[in-house]
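Okay, structure first, notes after.
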2 protein chains.
Amino acid sequence: MPESYPNEIRSLALFAGMEQENFEALMRGSYVQNFPPHVELITEGDTPDFLHIVVSGSVDLFSKWNGRETSLATVHPVSTFILAATVKNLPYLMSARTLEKSRIVLVPSEDARALFDVDNAFARAIVTELSQCYRAVVKNTKDLKLRTSLERLANYLLRQSKRAESNAFDLTMEKRRLASFLGMTPENLSRAFKSLEPYGVRVQGNHIEITDCEDLTRFAKPSPFIDDNRA
Amino acid sequence: MPESYPNEIRSLALFAGMEQENFEALMRGSYVQNFPPHVELITEGDTPDFLHIVVSGSVDLFSKWNGRETSLATVHPVSTFILAATVKNLPYLMSARTLEKSRIVLVPSEDARALFDVDNAFARAIVTELSQCYRAVVKNTKDLKLRTSLERLANYLLRQSKRAESNAFDLTMEKRRLASFLGMTPENLSRAFKSLEPYGVRVQGNHIEITDCEDLTRFAKPSPFIDDNRA
DNA sequence: CGTCCTTTTGAACATTGTCAAACACTGTGG
DNA sequence: CCACAGTGTTTGACAATGTTCAAAAGGACG
């Protein structure tokens, strides 16, 4: 399947250092698939048959327990997910569903594991990737345990604003999912937005404008060890 | 420093597959140190100078923000901590303090990183270790987001009971820290214990007895994808 | 124009946190 | 051995935070 997507994947840090021969073998065994929105790609507890790579669209990682559900992360192109389960050949800890029409590359887990044993650059790239994932989850845990929902929302908005490099931006997900991601109910999120108005947050639909960044920052007290993406 | 501790360390999965020569070089550059209880070994935000290995005693990983503090994990012998920061050479995301008199091996981070580049078995062992850490944090996040504090306590007790292979066991940490670890206040924990009495939990000081495991399990609804240690 | 879904709002409720005080445990020094 | 201080734990009253339920309002789409 000599399409264009292998180039995009090749440029991922995870695959960049891999032997060309190995990379090609891996891609030969893989295939791309287009999924409509809201399709469950993998289910918590299943055994990892494929390492997934999001080439376009976006994917929600979530989990259920006792009738409750929570959103744990969103995967954007181009990146992989469920790497840890694939490497250790243990059941998924999260389920995944497409948020929009998405193009996903499916790499057979066995092939990935076999290459991991053989290709040293690949093994090291996995370390980098996993370290990043690990640190991201630790930051998220700190966010959850050290902050109130209002503070989490305030810091989330500051992060998004920084990402958009603008004081005005659109939310990248439904408020419903944002609430779940931040660990609160939609009702509570709605009220939290209201509570942030005095600190200079204007909300219209999913358009956000931070009119007083100073004030919001004073309230949110962002920390590099919770909120910085690259650290 | 030809003492006995290198053998214990050598048997860790992280170092077991390493070339003997490399391992010896790593140990030559390292040193052991005894710390009294309640000593802060590393501080959030610092740069990782050493990879730490707990040989005896125990260490608390915690974090502070805006005057609040939370306990994120306890490290028991023999295992390492802050591996991710060491590998990526990025600031610590957590602080660490001894809980009791502890013996810690300090491996210079630069040496560890250098070996990571050279020793393929070591690089792969790090992947295994990091995957495990990552999955542990994900489970912890699910515990926090999907359960109430009462449910978290109930499941914690079941896990401890399983670990002790007995319905009666002693708590391995102060209630104060347990509360912080479970994401609640000491007062709330105290009341939570009371609330679990009807489900067959007897508490006397830090001695716990689960008199009706069936009933408690029915309430706690443990899940392999949150509560199993090895999965 | 309806229909479906999300979002918002209100009120009641549940859970959790705060503060203050009492209690229990531990180890010290008289 | 006892009194005492220091710390951790428990308890009670109260406040803050977050959830639930019900209903209304707003948007998207056929």
Side-chain angles (χ1 to χ4, degrees), chain A residues 36-38 60 65-71 97 99-101 143-157 170-199 201-208 219-220, chain B residues 36-38 60 62 65-71 97 99-101 143-157 170-198 201-208 219-220:
Chain A
H38 309 297
D60 180 34
W65 178 80
N66 194 27
R68 295 164 220 170
E69 177 180 323
T70 190
S71 177
R97 72 163 75 93
L99 287 168
E100 44 189 320
K101 192 164 168 301
D143 194 40
L144 279 170
K145 290 184 80 176
L146 290 167
R147 290 173 172 164
T148 65
S149 61
L150 202 57
E151 290 164 342
R152 289 200 294 278
L153 175 59
N155 280 292
Y156 176 84
L157 294 179
D170 287 343
L171 295 174
T172 56
M173 52 178 134
E174 288 185 298
K175 289 183 180 171
R176 181 191 239 287
R177 276 197 60 245
L178 177 57
S180 177
F181 177 69
L182 293 174
M184 56 213 264
T185 58
E187 294 94 325
N188 195 8
L189 176 64
S190 181
R191 284 164 187 134
F193 272 122
K194 283 261 157 88
S195 307
L196 288 181
E197 266 178 26
Y199 296 98
V201 175
R202 288 184 54 75
V203 184
Q204 267 174 340
N206 65 349
H207 185 76
I208 308 291
F219 171 76
Chain B
H38 310 298
D60 180 33
F62 66 99
W65 178 82
N66 195 25
R68 295 164 218 168
E69 177 180 323
T70 190
S71 178
R97 72 163 74 94
L99 287 168
E100 45 189 319
K101 194 165 165 300
D143 194 39
L144 279 171
K145 291 184 78 175
L146 290 166
R147 289 171 171 164
T148 66
S149 59
L150 201 58
E151 290 164 343
R152 289 200 293 279
L153 176 59
N155 280 292
Y156 176 84
L157 294 177
D170 287 342
L171 294 176
T172 57
M173 52 178 135
E174 292 184 294
K175 288 183 181 171
R176 176 192 243 286
R177 276 198 60 242
L178 176 57
S180 177
F181 177 69
L182 294 175
M184 57 211 257
T185 58
E187 294 95 326
N188 193 10
L189 175 64
S190 180
R191 285 164 184 134
F193 272 122
K194 283 262 155 84
S195 307
L196 288 182
E197 267 177 23
V201 176
R202 286 185 54 75
V203 184
Q204 266 171 343
N206 66 348
H207 185 75
I208 308 290
F219 170 76

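Naming convention: chains lettered A, B, ... in sequence-line order (proteins, then strands); numbering from 1 in each chain.
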Checklist entry - Between A:K175 and A:G205, is there a donor-acceptor pair closer than 3.5 Å when you use the side chain of the first and the backbone of the second? => result yes
Checklist outcome for this item: B:M184 CE to C:dT15 C1', in whole Å, measures 11 Å
Checklist entry - Picking from D:dT20, C:dT16, D:dT11, which would you name as closest to the side chain of B:K194? => result D:dT11
Next on the checklist: Using whole Å, what does the distance between atom P of nucleotide C:dG17 and atom CZ of B:R68 come to?
Outcome noted: 11 Å
Checklist entry - Looking at B:T148, does any N or O in its side chain come under 4.0 Å of the phosphate oxygens OP1/OP2 on C:dT15? => result no
Checklist entry - Can you tell me how far P of C:dT7 sits from CD1 of A:I208, to the nearest Å? => result 12 Å
Item to check | Protein-nucleotide distance (A:L189, atom CG; D:dT17, atom P), rounded to Å | outcome: 16 Å
Checklist entry - Between B:R97, B:R177, B:R176, which is the residue that forms a salt bridge (charged side-chain N to carboxylate O under 4.0 Å, His left out) with B:E69? => result B:R97
Checklist entry - So, the side chain of A:S180 versus the backbone of A:S71: is there a donor-acceptor pair under 3.5 Å, distance only? => result yes
Checklist entry - How close do A:A220 and A:N155 get, heavy atom to heavy atom, and via which atoms? => result O-ND2, 3.0 Å
Item to check | Interatomic distance, A:R177 CZ vs C:dC5 P [rounded to whole Å] | outcome: 18 Å
Checklist entry - Please give, in whole Å, the distance from D:dT11 C1' to B:K175 NZ? => result 13 Å
Item to check | Closest-nucleotide ordering on DNA chain D, the 5'-leading residue of B:R191 and B:R176 | outcome: B:R176
Next on the checklist: Below the 4.0 Å mark, does D:dG18 have OP1 or OP2 next to a side-chain nitrogen or oxygen of A:S149?
Outcome noted: yes
Next on the checklist: Under 4.0 Å, heavy atoms only, any strand: does A:E187 hit a base, just the sugar-phosphate, or nothing?
Outcome noted: base
Item to check | Rounded distance (Å) that lies between atom C1' of C:dA24 and atom CD of B:Q204 | outcome: 14 Å
Checklist entry - Atom CD of A:E174 to atom C1' of C:dT8: distance rounded to whole Å? => result 15 Å
